[in-house]
Amino acid sequence: MNLPRLPVLLSVVALLLAPGAFTAACAQDPIKVGEVASLTGKEADFGRFSHRGTLLAIEHLNAAGGVLGKKFELLTEDNQSKAGESATAARKLVSRDKVVALLGEVASSRSLEIAPIAQTAKIPMVSPASTNPKVTETGNYIFRVCFIDPFQGTVMAKFALQRGWKKVATLTSVSSAYSVGLGKFFKETYLAGGGVIPAEQKYAESDKDFHAQLTAIKATGADAIFVPGYYTEAALISKQARELGLTVPLFGGDGWEGEPLLEIGGTAVEGIFFSTHYSSEDTAPAVQNFVKAYKARWGGETPNAMAALGYDSAMVLADAMKRAGTTDGTKLRDALAATKDYLGVTGKTSIDAQRNATKAAAIFTVKNGKFAFVESIAP
Ligand code: PHE
């Protein structure tokens, strides 16, 4: 009864073992790229936008035939916005899935977890949006497609000085590499420009009550408050400042950009300022084409800086792969390091000797419950 089946089975085995069939099967294997993102938890807004931008790029690349005759497969791991989870996720992607490169993360502290794993495995990591200098200092396989915080801190310090804010208090998250770094770089330029910092208050990620710090700041008569944090805490801080009768402007960096800033902050975030990486209102064709494609793909949602940087991170990686002619980690690293004037959504990406990019910053405010573009600051 089973006999007639045997020849069929044998021919399948023969086909699988034949070298020609083997090569053909391999050519169909996709190029696996890993992504670590905060899809859930406190910074889910970062993860949602960066993931949607990254996936859109992968889809565009595949629609154009992929690279090296292969399609891409994006393998995404969620770190739940929790400390420690990004390292676990990166290890899984490297050891289990054998990805050829890692994309992510947005938050610097989480990129700092992933970077040593990519470096040890000798596969490139491209962070879309982490701005702390230490991320790429981890090693020569670690890249980013955004500006770094010495620039962002300078931009916001000059902005404060231009506005005539002579005394700016700071409120920094001690448990975030991003916050500590951006606070430090802001301080250097602001003091050098003649500003005075009457109070340097601290908080930790996930804190909910900032009344003590804000009361201390209020007593100093500061003209404004710089909060280099993420949107959840920035919104709560803004609300509690207004409750305490503090009417001075609050301002921050790219970490403020997220829909929850508006949802949690409500009227308390009217008139705040923050710097970020791009504006969807930019009339450059690269931006408008991206905005159109993103909106069509993601239910009409307007892409923010993380979406644009997520898109560019995957595109810059694919561009390097084309030039390298291989997915070999070391050759891919070399090609990434040689990236020059790659024109993406967030402007031109040129990778410098420290594996960072140099790009303009965009300053936003909140007006009538919406983010509103103020100005662009060239590097
Ligand atoms: N730059 C932030 C960090 O390094 C992350 C971020 C980027 C947040 C872009 C919002 C927009 O932690």
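In listed order, ligands and their atoms are each counted from 1.
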Worksheet entry | Distance in Å, S313 OG paired with E35 CD, rounded so as to fall on 0.5 Å steps | 7.5 Å

Worksheet item: Which residue supplies the protein heavy atom nearest to atom 6 (C) of ligand 1, what is that atom called, and how far is it?
Response: V106 CG1, 3.4 Å

Practice prompt. Using a strict cut-off of 4.0 Å, indicate which atoms of ligand 1 neighbour a heavy atom of F46.
Written response: 8 (C), 10 (C)

Worksheet, complete the sentence: The atoms of ligand 1 lying under 4.0 Å from a heavy atom of S108, numbered in the order shown, are 3 (C), 4 (O), 12 (O)

Discussion item. Can you confirm whether or not the ring centre of F290 sits under 6.0 Å from the ring centre of Y311?
Written reply: yes

Worksheet item: When you measure from atom 12 (O) of ligand 1 to every protein heavy atom, which one gives the shortest distance, and what is it?
Response: Y230 OH, 2.5 Å

Fill in: Test of proximity, T131 against ligand 1: N or O pairs below 3.5 Å
yes

Worksheet item: Judged by non-hydrogen atoms, does T276 sit under 4.0 Å from ligand 1?
Response: no

Worksheet item: When you measure from atom 10 (C) of ligand 1 to every protein heavy atom, which one gives the shortest distance, and what is it?
Response: D254 O, 2.9 Å

Practice prompt. Only one of T120, T330, T136 passes side-chain hydrogen bond (donor to acceptor under 3.5 Å, both in side chains) with Y141; say which it is.
Written response: T330

Worksheet entry | Proximity flag A305 to ligand 1, non-hydrogen atoms under 4.0 Å | no

Discussion item. Against ligand 1, does W256 come closer than 4.0 Å with any heavy atom?
Written reply: no

Worksheet item: Does the gap between the ring centers of F364 and Y278 come in under 6.0 Å?
Response: no

Worksheet item: Taking heavy atoms and a distance under 4.0 Å, where does E257 meet ligand 1: side chain, backbone, both or neither?
Response: neither

Worksheet item: For the residue pair Y178 and Y230, is the inter-centroid distance of their aromatic rings smaller than 6.0 Å?
Response: yes

Discussion item. Is R110 close enough to touch ligand 1? Criterion: a residue heavy atom under 4.0 Å from a ligand atom.
Written reply: no

Worksheet item: Should the pair E301-R52 be classified as a salt bridge under the 4.0 Å nitrogen-to-oxygen rule?
Response: yes

Worksheet item: Does a side chain donor of either T302 or S280 reach within less than 3.5 Å of an acceptor in the other side chain?
Response: no

